[in-house]
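A short worksheet on the structure shown next.
Naming: A, B, ... by sequence-line order, numbering from 1 per chain. These figures come from a predicted structure and were not determined experimentally. Computed over heavy atoms, backbone and side chain alike; hydrogens, waters and symmetry mates excluded.
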Number of protein chains: 2
Amino acid sequence: MPQTNLRSATRYGTRPTMKDVAARAGVGLKTVSRVVNGEPGVTPETERRVQEAIDALGFRRNDSARVLRKGRTASIGLVLEDLADPFYGPLSRSVEEVARAHGALLINGSSAEDPDREQELVLALCARRVDGLVVIPAGDDHRYLEPELKAGVATVFVDRPAGHIDADVVLSDNFGGARDGVAHLIAHGHRRIGFVGDMPRIHTAAERLRGYRAAMEDAGIPVADSWMSLGVTDPERVRRAAEEMLSGPDPVTAIFAGNNRVTVTVIRVLAEQTRRVALVGFDDIELADLLQPGVTVVAQDAAAIGRTAAERLFRQLDGTLVTPERIELPTRLITRGSGELPPAD
Amino acid sequence: MPQTNLRSATRYGTRPTMKDVAARAGVGLKTVSRVVNGEPGVTPETERRVQEAIDALGFRRNDSARVLRKGRTASIGLVLEDLADPFYGPLSRSVEEVARAHGALLINGSSAEDPDREQELVLALCARRVDGLVVIPAGDDHRYLEPELKAGVATVFVDRPAGHIDADVVLSDNFGGARDGVAHLIAHGHRRIGFVGDMPRIHTAAERLRGYRAAMEDAGIPVADSWMSLGVTDPERVRRAAEEMLSGPDPVTAIFAGNNRVTVTVIRVLAEQTRRVALVGFDDIELADLLQPGVTVVAQDAAAIGRTAAERLFRQLDGTLVTPERIELPTRLITRGSGELPPAD
DNA sequence: CCCGAGCCTGACAACGTTGTCCAGGCTCTA
DNA sequence: TAGAGCCTGGACAACGTTGTCAGGCTCGGG
């Protein structure tokens with residue numbers, strides 16, 4: 001491990017500034033700035049001296065000061081619900097990819113589905129003066145963002161629309177996807193189909209429920225209340241709900257699972273059943289093809305959603321984009337077996 | 001959607017400053033600062049006037065200026081390899097949780113396993129003057145970080161040690177975990193055991209390979225070259241490698257998979273075999289318990305790793321911690337069936 | 001030899017905030 | 001009633017950078 005000669009120049013905990021570099025190189029402050037930013041108008045010889053001083057001191061430009069001066073931070077904020085949810089991995093990644101292509105850093109945090117925490121986080125990001133925000137909303141009132149929008153913070157909502165403000169939204173066709181998934185079960189002969197989903201106050205959950213109802217209605221099948229479980233989210237309660245609709249007086253022969261977490265739990269429950277019950281889940285899950293039977297799902301393209309949102313964000317920043325829009329991306333039904341099982345009464 | 005009265009005070013794209021607020025409230029600049037920061041020494045009446053002006057203008061403190069003045073940013077950087085890898089979800093989440101508990105924001109980016117990109121990202125974060133860094137290294141030379149360390153940027157490496165600098169590291173006991181996993185296969189009667197892993201220049205891969213060799217040696221089993229596949233990472237080549245060691249002249253009866261991506265591909269290959277081949281994978285995978293047979297794995301506790309790393313980071317910042325340390329967290333063997341299959345020649 | 005053009009370079013202000021310090025007004029006591 | 005002390009509020013500098021602008025230098029042409 002080589003020794004560097006930093007000790008002499010910098011006290012521990014103190015960073016050298018352009019002024020220090022200038023002093024060491026025997027040039028003016030502005031000249032250092034020019035070298036650091038690759039601006040023209042500096043003799044090679046001068047540049048060399050400055051570069052030497054920079055290396056010797058371990059100088060690193062202070063972007064806080066730069067931001068303060070320039071106004072733009074070249075960073076965007078991403079607020080999601082839960083970093084651990086596999087749906088957000090690809091989404092986050094694709095947002096970062098686009099940000100990177102535009103030379104911006106990504107600052108992110110998760111709201112843990114808590115509206116207060118979402119607001120806190122968003123405002124903290126605004127205080128950092130991020131140039132833009134990609135928000136997966138937890139709350140349903142975003143009027144607190146009005147001053148930010150007015151001030152020109154580009155904003156795109158993802159997965160769910162913003163509440164009470166007019167902003168860009170990029171989401172999946174939750175209604176259509178759910179309708180297609182349920183119709184798929186119907187096409188395979190099912191009539192008693194259960195729905196296990198989240199609270200309908202969550203937009204995606206409501207839309208998927210609406211899709212379920214629409215498919216049933218299109219097929220002229222009346223829906224029994226006992227077939228629907230709403231607002232259930234923790235595994236234990238999902239399990240109980242699924243078991244109930246499988247063993248009730250009017251047992252279902254198929255289940256439509258409203259999101260990936262529900263799907264996983266339902267798979268577990270079905271694995272314990274002697275009867276073969278069909279299943280279609282909303283959201284793809286890893287290894288779904290390796291299970292017996294493979295799990296048929298309505299897949300969202302998380303990466304495409306993230307990419308679309310981020311690209312819109314930067315187009316807002318370019319000024320290319322003005323009027324907020326709602327973009328719905330299609331879902332894709334992936335048949336793997338579980339959704340094609342015939343009804344077993 | 002209610003109309004706010006912002007237009008009058010702020011031009012589009014311009015944010016009000018404390019000066020504006022002060023003017024509107026008819027008080028001095030510093031008084032506004034005091035109110036915003038909840039400092040004492042302001043009459044309730046004055047505070048009310050200021051607060052009113054803040055709300056009316058939609059003022060939001062500019063943290064860049066604040067950081068410039070105060071020196072600390074209350075943000076930490078997280079550099080990981082690939083946001084989409086399920087291993088990093090919980091890790092990232094636990095780091096964020098700790099950061100949040102300390103009132104810090106998390107800025108992150110992924111290196112895509114490219115050393116240059118890692119350096120670029122790390123230095124960008126340093127330019128932002130993050131207080132600390134959690135880095136999952138892609139490269140193996142981190143001397144470029146020396147000035148930062150000298151300047152007091154708290155730094156913790158995760159998953160792999162830093163190269164050529166003395167810094168905190170938090171990682172799994174890759175060697176011990178792999179050794180235990182392979183010993184588990186041996187205990188179930190296997191002698192011809194294959195190893196499919198990443199390039200040994202990657203620390204984790206090298207350690208796991210070492211664990212494999214150690215377990216084999218402990219059992220007095222000589223290892224045939226054809227049983228080992230190193231540096232193979234894309235699914236297609238993993239598939240071919242696995243197929244070869246299963247069909248060669250000296251076919252293996254069990255495979256130890258060096259990481260989660262390899263495990264998934266190997267599962268696919270094994271599912272196509274008529275012969276039952278045992279499998280133990282390093283890293284847990286979701287739904288592993290639902291497969292037939294369940295997949296036995298050596299599990300890392302990603303959340304614990306992240307938490308430990310982040311906590312050390314903040315202890316560095318407190319000054320509680322001075323000397324860099326290497327912390328190895330134990331892995332856990334989770335038996336689910338695939339690792340307990342007897343050899344089938 | 002002189003003058004103007006062009007190129008380098010550096011002094012200075014400004015970005016928005018916070019820390020320091022001082023002034024003015026008030027209350028309370030002797 | 002006067003003086004001491006406290007409380008509130010504001011002026012000012014500083015954080016580290018970048019934009020503006022002007023000055024000094026060199027070099028070529030007249």
Exercise for the section: Just jot down the ring-ring contact (aromatic ring centres under 6.0 Å, His included) partners of B:Phe157, sequence neighbours excluded, or say none. Expected result: B:His142

Practice task
Heavy atoms under 4.0 Å is the rule here; annotate nucleotides 13-19 of chain D 5' to 3' with B where the base is hit, S where only the sugar-phosphate is, and - elsewhere.
Solution key: BBBBBBB

Problem - Selection residues 92-139 of chain B - residue pairs positive for ring pair (Phe, Tyr, Trp, His ring centres under 6.0 Å), sequence neighbours left out - result: B:His102-B:Phe314

Completion exercise
side-chain contact (heavy atoms from CB on, under 4.5 Å) filter on B:Asp140, not counting sequence neighbours, yields none

Problem - Side-chain N or O of A:Thr43 closer than 4.0 Å to phosphate OP1/OP2 of C:dT9 - result: yes

Handout entry: Salt-bridge present (B:Arg128, B:Glu148; N to O < 4.0 Å)
Key = no

Problem - Atom pair OG1/CG of B:Thr73 and B:Leu68 - distance to nearest 0.5 Å - result: 12.0 Å

Report each atom pair, protein N/O against N/O of nucleotides 24-26 of chain C, whose distance is under 3.5 angstrom.
none

Completion exercise
side chain to side chain contact (heavy atoms under 4.5 Å, CB included) with B:Val158: of B:Ile305, B:Asp168, B:Ile327, only one passes, and it is B:Ile305

Handout entry: Under the side-chain contact (heavy atoms from CB on, under 4.5 Å) test, residues paired with A:Thr323 that sit two or more places apart
Key = none

Exercise for the section: Would you please confirm or rule out a distance under 4.0 Å between OP1 or OP2 of C:dT9 and any side-chain N or O of A:Thr31? Expected result: no

Problem - Gap between atoms CD and P, on A:Glu47 and C:dT9 respectively (whole Å) - result: 10 Å

Exercise for the section: Scan B:Val42 against the nucleic acid and name what it touches under 4.0 Å (heavy atoms): base, sugar-phosphate only, or nothing. Expected result: sugar-phosphate

Handout entry: Main-chain N/O of B:Glu118 paired to B:Ser111 side chain as donor or acceptor, under 3.5 Å
Key = no

